[in-house]
Structures are given as C-alpha cells and as structure tokens.
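The structure appears below as structure tokens.
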Amino acid sequence: MGRGKLRIYLGAAPGVGKTYAMLSEAHRRVERGTDCVVAFVEHHNRPRTEVMLHGLEQVPRKHLDYRGSAFTEMDVDAVLLRAPAVALVDELAHTNVPGSRNAKRWQDVEELLAAGIDVVSTVNIQHLESLGDVVESITGVRQRETVPDEVVRRADQIELVDMSPQALRRRMAHGNIYKSDKVDAALSNYFRPGNLTALRELALLWVADRVDEYLTEYRSEHRVSKIWGSRERIVVGLTGGPEGRTLIRRAARLAEKGAGGEVMAVYIARSDGLTSASPKELAVQRTLVEDLGGTFHHVVGDDIPVALLDFARGVNATQIVLGSSRRKTWQYVFGPGVGATVARESGPDLDVHIVTHDEVAKGRGLPVARGARLGRSRIIWGWVVGVGGPVVLALLLNTIDLGLANDMLLFLTVTVAAALLGGLFPALASAAFGSLLLNYFYTPPLHRLTIADPKNIVAIAIFVGVAVSVASVVDLAARRTHQAARLRAESEILSFLAGSVLRGETSLEALLERVRETFGMESVALLERAGDVDPWTCAGSVGPRSPKRPEDADVDMPVGDHMALALSGRVLPASDRRVLAAFAAQAAVVLDRQRLQHEADQAKELAEGNRIRTALLAAVSHDLRTPLAAIKAAVSSLRSDDVAWSEEDQAEFLEAIEEGADRLDHLVGNLLDMSRLQTGTVTPLIREIDLDEVVPMALGGVPEGSAELDIPETLPMVAVDPGLLERAVANLVENAVKYSPVDEPVLVSASAMANRVEVRVVDRGPGVPDEAKDRIFAPFQRYGDAPRGAGVGLGLAVARGFAEAMGGTLNAEDTPGGGLTMVLTVRAVHRLPDLATATAERQAS
C-alpha cells in the first residue's frame, strides 16, 4: 500500500474558515462515494461549523486523564483499525496530552499517511516553526504549539483560506468565533487590524513561495524552460551562543523569499583551540537548521572573518547573516569585531545582515582556554615588556632609593610579566638585561659590571633562576595546551570520519569538500593510476583548477602505491598530515565503495536483461502460440478435401488467418521494439513535422469509429521522429480502445503549451489507481485480470521508451469523470513567419 496524500487548509488567523472549508470538502467527497471519516475536528462551539459535522462519520475520541482533568484526543489506533480512504484531522500543530501515542498531532498524521490513509488537516500561519520569532514580534504572543515547516511543505496540496482583516473582525464582533465575553478582549489584542494584516501578508507570501516551488518542479519535469535565476545562498555565521537559533530562523525566512533559496550554517573553530562552543548548543542548532531544510558545516580557521568569507565565496553565497556582537563596550578596544570586519571585507558581491538579538552586549559567554599557545601579538608585547620594562624601571628607581632587595623584586616582577606575555625567550632576555642593570646601577660598586659582595652574587643568581623557571613553566603550559587543543580537533575530525563509515556515506565529492573546508584549501583531487609509469587520472575533485598530478599540488598524501590525495591552496604544516592521511584513507574507501555499487548496478542491469529475455521466451511460448494455432487451424481446414466449405465459411477462415497474422505482426513488432530499447539501439531521426501528418496514420490499427481525432490546425510543428511517434500513438490508442466501453470512443487531442505540444489519448474505461500508474509502463505488465490473449504487456512500455528517445515524456492521468488519460509531450518548433506570409496576412486583414 502506498503512502497517503496530505491536504492542508492554511489560514492567517483563527476564525478565517479553515475547519469549515475542510468539512465542506469532506461533504463533497462523501457525495462522490469516498469513504471519509472525522478523526478529530474541534468546532469550538461555532454553530455553523458544528452543523457541518452532521452527516459525517466520526471516529470516537480517546479519553485521557491528566492532573485530575479529563481530556480527549484523536484515537490513532481506532482510525487505523477503521482504515478509511480519507480522514479529517483538525489543528495539525496541536500538542497532545501527556500519555498520548505521540507528543504532537502532526506525528499522528504521519502514522495515518504511512498507513495509506489520505489526510485533510488545518493549520495557522503562526504555528510554522520558522515564523515563531516574527509572529511574536507582531502579536506579542509566543506560539507554544508549532509544526516543522518541512511537514507542511511536504503536503500534496496546500489551500489558503483567506479573509480580509475587516471581515474577520466583523465575524468576531458578531460572535461567530469566540463567545461574547471574550470578543472585546480579542478585538483589542490579538485581532487588531495591524496584527491581522501582517499575519495575512505572511500567509500570502508563504503560499506564494510554495506556488513558485510547485511551478518550478512542474517546469523541471516537463522541461518547459531553464531553472529561474541564480539561487539565493545564505550563510549563517554561528558562534555556538544561544543567539544562533534566532539567526538560523531569520536566514530561513530570507531564503524562503527567493525560489530555491538555500541556508548554510557554519561554525568556525580556531585551530589552536583558543575558544570552544558548547557541544550541546551546537547540536541543537544543527538540528534546527536541518529541520528548516538547511545544512550545517564545521570549519577550522585561525582568522574567523577571513575563514567565514572564504567559506561564503567557496559556496557561491549571496548573503551572510551575523548576529550583533555580544562583546561589552570596553572589549572593542581590542578590535572592531567579526561583524564589522566581515561587512568591510565582503565586497560588492556579498550582502551582510547584522541581526539583533537578546544576547547583545551581554558578554561572550563562551569558555576560554587560558594559557594556550601564545599568539604573535602577545610575543611582540612580551619582547617589548622584557626589553623596555627593565629600562623604564631603572629610570624610575634612579629617582627613588628602595634598597637592593626591593629593586630585585621589581625587576623580577617585570620578568614574570614578560614570561606571561611572551613566553620563554622574552623572559630570558628580560632576566639577562635586568641582571645587568641591577649589577650596574644598584650593586656595589655602582656603575661598574663587578660585584664586591658575594651575597649579591647569590641574589642575582637566584633572580635569574626564578625568572628562567617561570618562563619555562609558562612556555611548557602553552605548548601542552596547544597539543591538547590540536588533539581535540583531530579527535572531532576522526570521529566524523568514523561516523561517515558507520552511516554508509558514499559521496566522494562530499568527502573531498569536507577536506577542502577543514584545511582551507582552494581545490582537492583524488588521483590514481594503474601502474608506476602510467599517467595519473582524476577519480574525483572539488574546487577550481584542481591538480592533475601530485607534483602540481601544494600538498599530496599517498594512499597505497597508485593513489594520492592532492591539495592546492597552501602548504600544510607537518602536524596536519596525520589527519590528512585519515581523510585520504577514507577517500580511497569511499571510491572503492562507489565502484562496488556501480558493479552491483551493472549486475542488476544484467539480471534485468535476463528477466527480459526470460519474459520474451515466455511470450513466444505462450502469447504467440495462440494466433499461430488459429492460423494453422484455419489453413488446415481450407486445405481439407473431406468437407466442402461454402464461400461464407472460406471467407470466415481467411478473416481468421488475417486477424491472426495482424496479431502476430503487432506482437513481434512490440517484441523487437522492446529489444531495441533494452539494448539502446534506438536512434531517432528528428525532423520538423506537423502532427496532423502523423497522428491520423496511427489510428489505422483500431476499428473505425472507435477513436475521435481533434488536432487543431494552428498547432506549431513538432521536432520528432515520425515513425517512432506514430508507433507510440498507435500503441496508446490501441490500449485505450481495448479498455474503453464500446459506445465511448477514444478521444485523441492535441494542444500547445509554451515550447511543448501535448498529445492526449482519453478513454472512459475503468481507470488505473495512482499507485499503479507507473507500474503499467513496465515491460510485460498487464493491469488487472487481462487475459493472456490480450497481449504481452509491451505496448505502453514501448510507447514511453519511444517518447523518451525523442526527448519527450509519457505520463498517465485520471480522466475527469472516470477513465485514464495518456499525456504524450514532445518539443514544439516555433518559427517566425516569412515576409511573403506576413504580407499576405496583412492584406487579407
């Protein structure tokens, strides 16, 4: 049993008539004989809605007790047991009472759809997950009950139930929505004209975007024209802070305003592990962006603005969404921040959106690993303090006499500061320079590099030893922290690789793109060769100007004897090659898996070919035997000398021979055509021709009067192979006549649509269910209980094969009022009229 279909009535606010429209649709379906039940409908004591429930079968609700109160919910088990064709389920975003089968009603609906039950439901625009923030800003009310956008977008039909704000307020004032004691409060708060207008605009824009998606999908399926415009690609910069959810939702709304918009959330981690985000918060944001139809990326980069811009340009992004800085005012002394830098460096091709949020200016709020590897700026400051600090301190102490002990402590303080800032070498320089200054200015004899008192020698030695020890400890801690951060980053990457193996991911391009993102490269290629002296070939690559040989790359990582991963963009340090080796090994595994999958597909094709050949033998042994037996029997009877046949009998025998020969010719022709299609030897000779030159010839194989032709003279010419088109239409017409009632002739019509022409073969037969519409085009398939003598089941398969060989399509649709319609679509040829024709037309007018 196939999956059921979902139809949703979408409204801008409560009371616009969604439930009423749903019940009206139910009555229409019941009148047509559809098995339709009410699984759960809430009429909210609205008289007109309650009246619409009369005459509809209602499945009893499930009663639940929660915290001393009784509640009713949809009984999913009862609906599944009843197994109707259509079930009405109101309020798709409703949250079920604890103890129910599922937490949300849309999850109940998913179970009904999976069981093959069609569902008609309702939802308000404010309940969509991506619009939660904007609805709250409009109405001041946070929606607790939401439904993921993807659930609504997957609906087979979405119908907008629209009503102007003024009409809705009149309905409210007349008491048609809420009770009279709640009307004034509702009109003053949620149902203000401004609120309703804004919600209505949201609903109209959302449905308009959905219509664009349907139209784009239709154009793609029917090859009407090229894909519209360039796709909006929006990159969301995440820090791992709580504001990320707001940014993701805002980016999703921006993407929905353009056809085919795409959202890519990216978190950039520093390679030295200086900052790290909460893994739990990142996991939540990853889930949110994936629920909204986007993708999540984890990129390593030391300079966050540069890494973010490189990523955005690498994926051809058009917009970047960033949050307002969470830094406090005094923190701007360290630089303008990521947002300002990205906006300044983005250039004319990238639009940067800075989005405000509740965490603005509240501080970073992220854990910082102190004592990591010292950066360049800190080392410079360390040298400044280590060399300049003792000089400044000596100038100050020359004006104040504090004693040798205090002088040494002050110089030691400067040395410790240089160690904390710059590490080992600035501290050693500070200790050496400071000891010289102490000896020259403050140790007797003064202004000489000699020491008279042995105690002062010990003191200076201790001073140097303490300074060196502190500097060593600081440098060791920095190196250990850097190693820990690198190992953590490597473990995350290796965990990703292990997870990809377990998940069975087989996309080589996706893995190479991950390598490019992780190491910040321009291009990555997986190269291989058959032997040591054979040329290199590219098994897969991403990025522009990918290297053709390992020697041409900035970095190459061998994988076995005859395979290498080549990267271009920059030279990697030796410490990164360990992780790169893991990526290279994984790339080789993915390539092997893809080739094994390709071999499995080829084996499947061979098995399918064997099945076709077996079916051909069965057709020859069974379906072709009947007309041969009839021909042989008729010929034997005519040649018999024992009986004197009348002229009527002889004519009857000859007619049987002719009919059997025609059947043989038709069956053998279809068998040969199917064999040509299976072996790929059909080569259409495309030329421009009028339909009325081909289609009438296709009706010669059916009884006179069994088919009607409607081909307008104004149709444009079509680019087809006339022979293949005639065979395809003939098979369609013969199939339609076979199943259509005798008194209902088959209609063959044609019409033009944009750059296509549709040929429709319409019959009034029993029709075909939706789940069988694709199956009837498979070879050796006969719908229903058609007898063996009805043919081998190749007519429709051959027709579709010929249509696709000419660059067209063939699909089955329901005939309004009953029956089946075959729609054959081919390419039209539009020509400008020549000068003589145009002149004649003007003179005639």
Side-chain angles (χ1 to χ4, degrees), residues 5 32-34 218 221-224 666 670 689-718 720 722 724-778 781-786 790-791 793-804 806 808-828:
K5 293 185 176 181
R32 295 198 301 264
T34 303
Y218 180 83
E221 291 178 353
H222 293 77
R223 304 176 186 176
V224 173
H666 180 71
N670 277 338
I689 194 171
D690 289 321
L691 276 181
D692 54 9
E693 297 181 22
V694 179
V695 175
M697 301 174 61
L699 306 184
V702 298
E704 186 176 355
S706 60
E708 296 180 355
L709 195 61
D710 181 15
I711 306 294
E713 296 182 356
T714 57
L715 282 180
M717 301 180 73
V718 294
V720 297
L724 297 185
L725 179 62
E726 180 184 347
R727 290 295 306 276
V729 175
N731 283 355
L732 296 179
V733 173
E734 291 175 6
N735 183 77
V737 170
K738 185 187 304 179
Y739 291 100
S740 191
V742 178
D743 57 344
E744 292 285 349
V746 172
L747 175 62
V748 182
S749 63
S751 60
M753 181 189 68
N755 59 344
R756 314 292 289 174
V757 171
E758 289 186 350
V759 179
R760 293 179 170 266
V761 180
V762 184
D763 68 58
R764 294 293 179 179
V768 175
D770 291 341
E771 61 272 13
K773 282 187 171 63
D774 285 333
R775 196 166 63 247
I776 61 176
F777 292 102
Q781 294 290 326
R782 282 186 290 246
Y783 177 67
D785 55 353
L794 285 177
L796 296 182
V798 169
R800 171 172 276 190
F802 283 168
E804 293 176 350
M806 295 184 292
T809 59
L810 176 60
N811 297 293
E813 298 179 355
D814 291 329
T815 301
L820 188 68
T821 299
M822 293 292 179
V823 183
L824 175 63
T825 306
V826 294
R827 183 169 62 89

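- Put simply, the side chain of Pro741 reaches to within 4.5 Å of the side chain of Arg764, judged on heavy atoms.
- Residue Val737 comes nearest to Pro703 through the heavy atom pair CG1-CD, 4.5 Å, listed as atom of the first residue, atom of the second, then distance.
- Using a 4.5 Å cut-off on side-chain heavy atoms (C-beta onward), Phe777 and Leu810 make contact.
- Residues Arg800 and Asn811 form a side-chain contact, since some pair of their non-hydrogen atoms from C-beta on lies under 4.5 Å apart.
- The backbone N or O of Val746 lies less than 3.5 Å from no partner atom in the side chain of Asp763, so there is not a single donor-acceptor pair.
- Leu691 places a side-chain heavy atom less than 4.5 Å from the side chain of Leu725.
- Residues Val694 and Ile689 have side chains in contact (heavy-atom distance under 4.5 Å, counting atoms from C-beta outward).
- Put simply, CG on Asp692 and CE on Met697 are 12.0 Å apart, with the number rounded to the nearest 0.5 Å.
- The two atoms that bring Ala707 and Val733 nearest to each other are CB-CG1, 4.3 Å, heavy atoms only.
- In this structure, the separation between OG on Ser751 and CG on Leu715 is 7.5 Å, given to the nearest 0.5 Å.
- Looking at every heavy atom in both residues, Pro745 comes nearest to Gly705 through CB-O, 3.7 Å.
- Under the side-chain contact (heavy atoms from CB on, under 4.5 Å) rule, Leu747 has a single partner from Val761, Asp710, Thr815, Thr821, which is Asp710.
- Listed by chain and number, the residues in a side chain to side chain donor-acceptor pair (under 3.5 Å) with Asp770 are Lys5, Lys773 (sequence neighbours excluded).
- Using a 4.5 Å heavy-atom cutoff, the side chains of Arg760 and Met822 are not in contact.
- Annotation for Ala728 and Ala799: closest pair O-CB, 3.8 Å, computed over non-hydrogen atoms.
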